Amino acid sequence: MLLRKVCLVMECNVQLEEALLATCKELQVKVSSDFTGIALQQSNSTDIKWPFVAGNCNEKYKFITVRYGKGIAGKVIATGSPMTIEHFPDNIIGKSIEYPIMLAENLISAYARPIMLNGRPKGAVLIGFRKKYTIQQNADEVIKTLIEKIEDLIKRIYNSN
Amino acid sequence: MELNAINGASTYIIQSQDEEIKRIALELHEGISQNLFSVFTGLEVLQNNMTNPDMASYAQELKDIMSRTIQEVRLLSVELYPTTLTTLGLTAALSSYIKLYTSTFGIIVEIISNGKEKTISEGKSMALFRSCQEALINIAKYADTANAKIVFTWNQDSLTIEIEDIGKGFNIEAVTAGNSCKGIAAMKERMFIAGGNFQLFSTIGKGTKVIFTLPISC
């Protein structure tokens, strides 16, 4: 009986994770970005990983772990505020090596927003471009709607665990 | 004569900078970290004696912040000066750094060691460690590759370290002529001070290889 319950929870999580990946891809298509990624704080530590990405040009994201407050995702989670990089590595705070996902994916411009869970930042969504690019204002509504969808899916994953 | 004076000055600057970094790292590790840990355990005692659940919850938040700060200070200290270099040796210190490097940049580094590791002085170990660190960071910044290889060859009276990637490579003459490659100059200078040798090879589209050779006395 317990095993069956565990299996049901796992099956449910797989479906939610697939939905998260699909939303990540949807966001990439709708804002015509080169790369879109979801960074999430680990449940057992403050470390941050990139479990869902779209448009990646290599597998480096799978191994990257950033510390709370470090990197673009760490800074967005620590401050709970959006962050924009216009022309990496020019005019960035700190050194370029403090932005591993930008280096790993050869990103030049990026926009990141926090993912909120129970009123606290628990992750970040990164929209990246491999050339200098400014996100159009009308894309803001699309980004907001899809981040809300991502937040809802993450909340369901946390609740099912 | 003038050139000797310049070399002497840069040797002095690098050595005093290394000593200062070591002093700060040890102070962080042995002074500040210990004090923070005392505060953390004190908070735990206070929390256990709190009857008001709101206050206990607030104490828990403070403990979480303190725990994160202890971890940050510990990592900062290790980044500044790897104490394993003097306790466990160069290979162990670099292996430990490479674990951190992979989890930071997502680049997998294969480590190969030939021959039996020998004891080398702290100054020489540090020169090699910093030079390897610089070479690996250059791979993360410019090579556009997911894999790299580091080969240690311990000979009777010398150590050779080769760091190789199959990334995009670059034109050495063009890059060094621009005076923008301070990392390459720093590796060369560190190896010169330690009495060693630095070689750099790169082919566009095929990758880059750096070789550090250092005489070691038994």
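The chains referred to below are lettered A, B, ... by the order of the sequence lines, with proteins before strands, and numbering in each begins at 1. Just so we're clear, the structure is a prediction, and the values are computed from it rather than from any experiment.
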Quiz prompt | Per-residue contact mode, B/Ser67 against chain A (heavy atom under 4.5 angstrom) | solution = neither
Quiz item: If you measure from the Lys or Arg side-chain nitrogens to the Asp or Glu carboxylate oxygens, is any gap between A/Lys144 and A/Glu141 under 4.0 Å?
Solution: no
Self-check item: Geometric cation-pi criterion, A/Lys75 with A/Tyr99: 6.0 Å, 45°
Solution: yes
Quiz item: Taking the six-membered ring for Trp, are B/Tyr97 and B/Tyr101 parallel (under 30°), tilted (30 to 60°) or perpendicular (over 60°)?
Solution: tilted
Exercise. Report the C-alpha separation of B/Lys22 and B/Glu122 in whole Å, then their side-chain angles, then the decisive distance to 0.1 Å, and conclude whether the salt bridge (charged side-chain N to carboxylate O under 4.0 Å, His left out) test is met.
Key: CA-CA 12 Å; B/Lys22 185 181 174 184; B/Glu122 191 187 344; 2.8 Å; yes
Quiz item: Which bit of A/Thr65 comes within less than 4.5 Å of chain B, counting heavy atoms only: side chain, backbone, both or neither?
Solution: both
Self-check item: Partner chain B: residue of A/Lys70, A/Glu59, A/Met102, A/Lys60 with the largest heavy-atom pair count (under 4.5 Å)
Solution: A/Lys60
